[in-house]
A.B. asks: 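Please read through the structure below; I'll follow up with questions.
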Number of protein chains: 2
Amino acid sequence: MTQNVKEIFASSGTPAAAPGAAPAGSSAPAGVTAVAGVPGAPAPAALAAKVRTLAPSMTRSMQRVAEAVAGDPAGCAALTVTGLAELTGTSEATVVRTARLLGYPGYRDLRLALAGLAAQQQSGRAPAITTDIAVDDPIADVVAKLAYDEQQTLADTAAGLDTVQLGAAVAALATARRTDVYGIGASALVAQDLTQKLLRIGLIAHAHSDPHLAVTNAVQLRAGDVAIAITHSGSTGDVIEPLRVAFERGATTVAVTGRPDAPVTQYADHVLTTSTARESELRPAAMSSRTSQLLVVDCLFVGVAQRTYETAAPALAASYEALAHRHSPRGGGTRR
Amino acid sequence: MTQNVKEIFASSGTPAAAPGAAPAGSSAPAGVTAVAGVPGAPAPAALAAKVRTLAPSMTRSMQRVAEAVAGDPAGCAALTVTGLAELTGTSEATVVRTARLLGYPGYRDLRLALAGLAAQQQSGRAPAITTDIAVDDPIADVVAKLAYDEQQTLADTAAGLDTVQLGAAVAALATARRTDVYGIGASALVAQDLTQKLLRIGLIAHAHSDPHLAVTNAVQLRAGDVAIAITHSGSTGDVIEPLRVAFERGATTVAVTGRPDAPVTQYADHVLTTSTARESELRPAAMSSRTSQLLVVDCLFVGVAQRTYETAAPALAASYEALAHRHSPRGGGTRR
DNA sequence: CACACCATGAAAGATATTTTCCGTGCGGAG
DNA sequence: CTCCGCACGGAAAATATCTTTCATGGTGTG
């Protein structure tokens with residue numbers, strides 16, 4: 001039965017990657033073309049299968065090695081040839097022989113493949129984050145879940161955003177004499193964010209989070225001006241009121257809300273819908289609504305910047321320039 | 001500071017190499033204890049992101065190496081130190097230094113990570129939208145690109161966040177007598193966001209964007225208090241100064257910055273790194289840094305909320321309750 | 001213009017991997 | 001029952017690869 005496994009064809013034809021690094025001759029720099037098809041490294045994920053196939057033709061020691069490798073790619077990838085040999089109770093030579101048998105030029109390459117496989121495996125079981133954040137989640141999970149949720153929110157928002165409405169709002173903003181933005185609570189920050197950005201490209205914009213002042217200012221608006229209300233619930237009276245005033249004064253009004261049927265839309269020429277993600281005890285709605293609102297606001301900004309590129313670009317550059325001075329040139333340059 | 005924004009492809013991660021030194025020793029046969037140390041894994045993922053983050057603090061030669069590595073993980077994984085050194089026109093020493101800077105114990109481990117990344121990339125999805133936002137992009141494209149970029153930013157941030165540092169910061173926050181948060185410009189909004197949230201769960205927190213007031217208040221801090229500085233560049237003097245004062249007063253200090261080697265970290269007990277995404281004319285850096293900072297801040301918040309669940313949960317519920325009244329049950333009605 | 005500093009690569013020094021080579025033990029033939 | 005051949009497996013040499021050290025040259029500063 002036992003055919004003479006012998007020294008397998010291993011070293012036979014395979015040019016074996018010629019690790020020696022090309023003669024290089026000239027000091028070819030940059031390039032980065034680096035092809036290196038890796039001739040002897042075929043097995044991507046099929047490693048386990050290959051192990052099963054080849055197991056019969058292996059000696060006992062080699063089987064142990066192969067088993068270990070197939071059983072815990074990640075763990076084995078972290079081991080040196082000596083480590084793996086000890087782990088399996090064999091010698092380095094055996095490990096190398098096994099690697100050869102599995103189709104790699106040597107252990108080094110097997111190890112590389114193992115690392116790849118491990119990475120693949122791990123990334124494969126990613127969609128486990130769907131659960132809510134629990135009180136006893138380890139911090140790493142919290143990070144993963146939050147990031148995932150916010151990504152989801154972004155995707156939802158982008159998908160649900162009405163580009164026609166957005167375009168209309170952008171057009172109004174780009175030509176507005178002045179722009180007022182209303183937002184309260186968490187939305188106040190979004191309002192300020194938008195305002196900051198618009199100011200940077202030379203537009204006249206104000207954010208109001210004080211309801212009285214907001215209304216007072218709204219009275220000043222007229223046709224050609226723009227008023228934007230930001231409210232997730234769409235029913236925050238303090239924000240609706242100034243928008244109503246602006247609306248009645250003839251300004252172009254925009255509502256950024258998560259409820260396209262909320263009261264605020266009553267006074268809005270254009271409605272931009274933000275997404276409403278699920279919330280939980282530990283993850284207040286404010287978190288995802290904020291993310292969503294910011295994306296909308298960013299879209300507004302970029303849209304306006306495009307339309308006013310002639311003036312926006314230099315303005316942006318100038319404000320960037322101006323800031324440079326504020327950054328301590330060499331700060332505490334103690335360490336690099 | 002010349003902002004050499006290295007252009008590196010976005011992609012995502014790979015786990016990375018446990019710090020060798022396997023126990024072995026014992027006669028443990030085929031068992032192969034699977035570890036796959038997910039929790040304690042030192043090197044996170046998103047290599048490209050890390051390269052971007054660290055690029056500014058790299059020397060020219062190291063940047064060349066980093067670029068090559070980020071640009072063609074698969075190709076580089078097939079190379080030995082010598083090979084990569086020749087390819088990039090540098091020396092082995094430089095390659096190893098770069099690997100170290102990227103967070104790996106040595107080149108060997110970087111290479112392993114590279115292999116993993118390559119495998120993942122290949123099996124993974126398509127490249128997706130890599131182009132920048134252009135002046136004449138239709139609005140729909142703007143939305144898609146912005147959303148994609150921000151998602152990318154989130155992924156990078158999550159991958160690059162040091163959970164140990166995060167945990168430490170959370171612990172400090174949870175037990176702090178009071179917390180001060182410093183942020184200026186766009187970061188001021190993030191500071192306010194964090195403050196708002198902390199207040200909601202009953203902690204005492206203040207955001208300062210006025211440099212003078214910030215310092216004045218920082219003087220009041222002492223051991224047991226927490227001071228957080230938020231600055232993308234890490235070298236905004238107006239934010240560093242109050243943190244320094246707080247640091248010297250014995251408060252626990254935290255820096256949220258995109259440059260882990262920036263001056264601000266000098267006075268920070270814990271450094272939380274945000275990601276640095278590509279920026280362009282139409283997409284100022286502030287946009288992605290804000291997204292990144294907000295994620296970090298959210299993580300801090302949720303972490304703290306977990307730790308103080310007993311008091312946080314009711315507080316959150318209460319504040320939610322209180323807000324309900326403000327949402328016009330019947331629309332308009334200004335506050336009376 | 002001199003000084004200090006730091007990036008950089010060459011080469012020495014460690015490690016890891018591969019190869020060589022030999023001992024061991026098992027079967028079958030004499 | 002003993003001897004021979006053979007495949008297996010491991011120790012150690014040989015080699016490749018990685019890491020560290022050190023000298024050099026360039027750069028910016030006082």
Side-chain angles (χ1 to χ4, degrees), chain A residues 1-8 10-12 14 16-21 24 27 29 40 57-66 76-102 104-115 329-330 333-336, chain B residues 1-2 17 19-22 24 27 29 54-66 76-102 104-115 261:
Chain A
M1 280 310 228
T2 60
Q3 61 275 68
N4 51 353
V5 183
K6 219 33 182 157
E7 292 303 342
I8 316 304
S11 57
S12 62
T14 9
S27 57
S57 62
M58 287 182 187
T59 66
R60 262 185 311 286
S61 301
M62 286 168 83
Q63 280 182 13
R64 276 210 302 285
V65 175
C76 292
L79 295 168
T80 70
V81 76
T82 314
L84 185 54
E86 271 186 30
L87 179 72
T88 56
T90 64
S91 68
E92 290 98 325
T94 302
V95 172
V96 173
R97 284 194 201 99
T98 310
R100 288 267 167 71
L101 192 71
L102 290 175
Y104 300 91
Y107 175 68
R108 201 188 308 277
D109 300 78
L110 168 61
R111 195 175 168 187
L112 237 46
L114 243 37
R330 356 175 291 122
T334 33
R335 47 160 64 260
R336 280 226 48 140
Chain B
M1 249 342 134
T2 52
S27 57
L54 266 33
S57 61
M58 287 183 187
T59 66
R60 262 188 311 286
S61 302
M62 287 168 83
Q63 280 181 11
R64 275 211 301 286
V65 176
C76 293
L79 296 166
T80 70
V81 220
T82 316
L84 185 53
E86 273 186 27
L87 178 72
T88 57
T90 64
S91 67
E92 291 99 328
T94 302
V95 171
V96 172
R97 280 191 206 102
T98 308
R100 289 267 165 71
L101 195 73
L102 290 174
Y104 301 91
Y107 175 69
R108 203 186 306 275
D109 300 77
L110 168 62
R111 196 175 166 186
L112 236 46
L114 243 36
D261 64 334

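This is a predicted model, so every value here is computed, not measured. Lettering follows sequence order; numbering is per chain, from 1.
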A.B. asks: Could you state the atom-to-atom distance from CG of A/Leu84 to C1' of D/dG9 in whole Å?
C.D. replies: 15 Å
A.B. asks: Rounded to the nearest Å, what distance is computed from the CG atom of residue B/Leu110 to the P atom of nucleotide D/dT17?
C.D. replies: 17 Å
A.B. asks: For residues B/Ser61 and B/Thr94, report the shortest heavy-atom separation together with the two atoms involved.
C.D. replies: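 Here B/Ser61 and B/Thr94 meet closest at CB-CG2, 3.7 Å.
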A.B. asks: List the residues meeting side chain to side chain donor-acceptor pair (under 3.5 Å) with B/Thr90, not counting sequence neighbours, and say none if there are none.
C.D. replies: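 Per chain and number, B/Thr90 pairs via side chain to side chain donor-acceptor pair (under 3.5 Å) with B/Thr88.
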A.B. asks: Minimum heavy-atom separation for B/Cys76 and B/Leu84, please, with both atom names.
C.D. replies: SG-CD1, 3.8 Å
A.B. asks: To the nearest Å, give me how far apart CZ (A/Arg64) and C1' (D/dG9) are.
C.D. replies: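 So the two atoms are 10 Å apart, to the nearest Å.
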A.B. asks: Using nucleotides 20-23 of chain D, report all nitrogen or oxygen pairs with the protein that are shorter than 3.5 Å.
C.D. replies:
residue, atom, partner, partner atom, Å
D/dT20, OP2, B/Arg100, NH1, 2.8
D/dT20, OP2, B/Arg100, NH2, 2.2

A.B. asks: How many Å lie between CZ on A/Arg108 and P on C/dT19, as a whole number?
C.D. replies: 11 Å
A.B. asks: For A/Gln63 and D/dC8, give me the distance from atom CD to atom P, rounded to whole Å.
C.D. replies: 11 Å
A.B. asks: Please report the distance, rounded to the nearest Å, between CG in B/Leu79 and P in D/dA16.
C.D. replies: 17 Å
A.B. asks: Just compare C/dT17, D/dG9, D/dT17 and give me whichever is closest to any side-chain atom of A/Thr94.
C.D. replies: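 Nucleotide nearest to A/Thr94's side chain: D/dG9.
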A.B. asks: Is a side-chain donor or acceptor of A/Arg111 paired with a backbone partner of A/Leu79 at a separation under 3.5 angstrom?
C.D. replies: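 Yes, because the side chain of A/Arg111 sits within donor-acceptor range (under 3.5 Å) of the backbone of A/Leu79.
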A.B. asks: Would you please name every residue forming a side-chain contact (heavy atoms from CB on, under 4.5 Å) with B/Val96, sequence neighbours left out?
C.D. replies: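 Per chain and number, B/Val96 pairs via side-chain contact (heavy atoms from CB on, under 4.5 Å) with B/Val81, B/Arg100, B/Tyr107.
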A.B. asks: Please report the distance, rounded to the nearest Å, between CE in A/Met62 and P in D/dG10.
C.D. replies: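 Going from CE in A/Met62 over to P in D/dG10 covers 12 Å.
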A.B. asks: B/Arg60 has an atom CZ; how far is it from atom P of C/dG9, in whole Å?
C.D. replies: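 One finds 10 Å between P of C/dG9 and CZ of B/Arg60, rounded.
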A.B. asks: Any idea which heavy atoms bring A/Gly89 and A/Arg64 closest together, and the distance?
C.D. replies: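 Distance-wise, the nearest heavy atoms are O-NH2, 3.3 Å.
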A.B. asks: Quick one: is B/Ser91 getting a side-chain N or O under 4.0 Å of the C/dA10 phosphate, OP1 or OP2?
C.D. replies: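 Looking at the OP1 and OP2 atoms of C/dA10, neither is under 4.0 Å from any side-chain N or O of B/Ser91.
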A.B. asks: To the nearest 0.5 angstrom, please state how far the CZ atom of A/Arg97 sits from the OG1 atom of A/Thr59.
C.D. replies: 8.0 Å
A.B. asks: Indicate whether OP1 or OP2 belonging to C/dT15 is found under 4.0 Å from a side-chain N or O atom of A/Thr80.
C.D. replies: no
A.B. asks: Taking only side-chain nitrogens and oxygens of A/Ser61, does any of them come within less than 4.0 Å of OP1 or OP2 of D/dG9?
C.D. replies: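 Result: yes.
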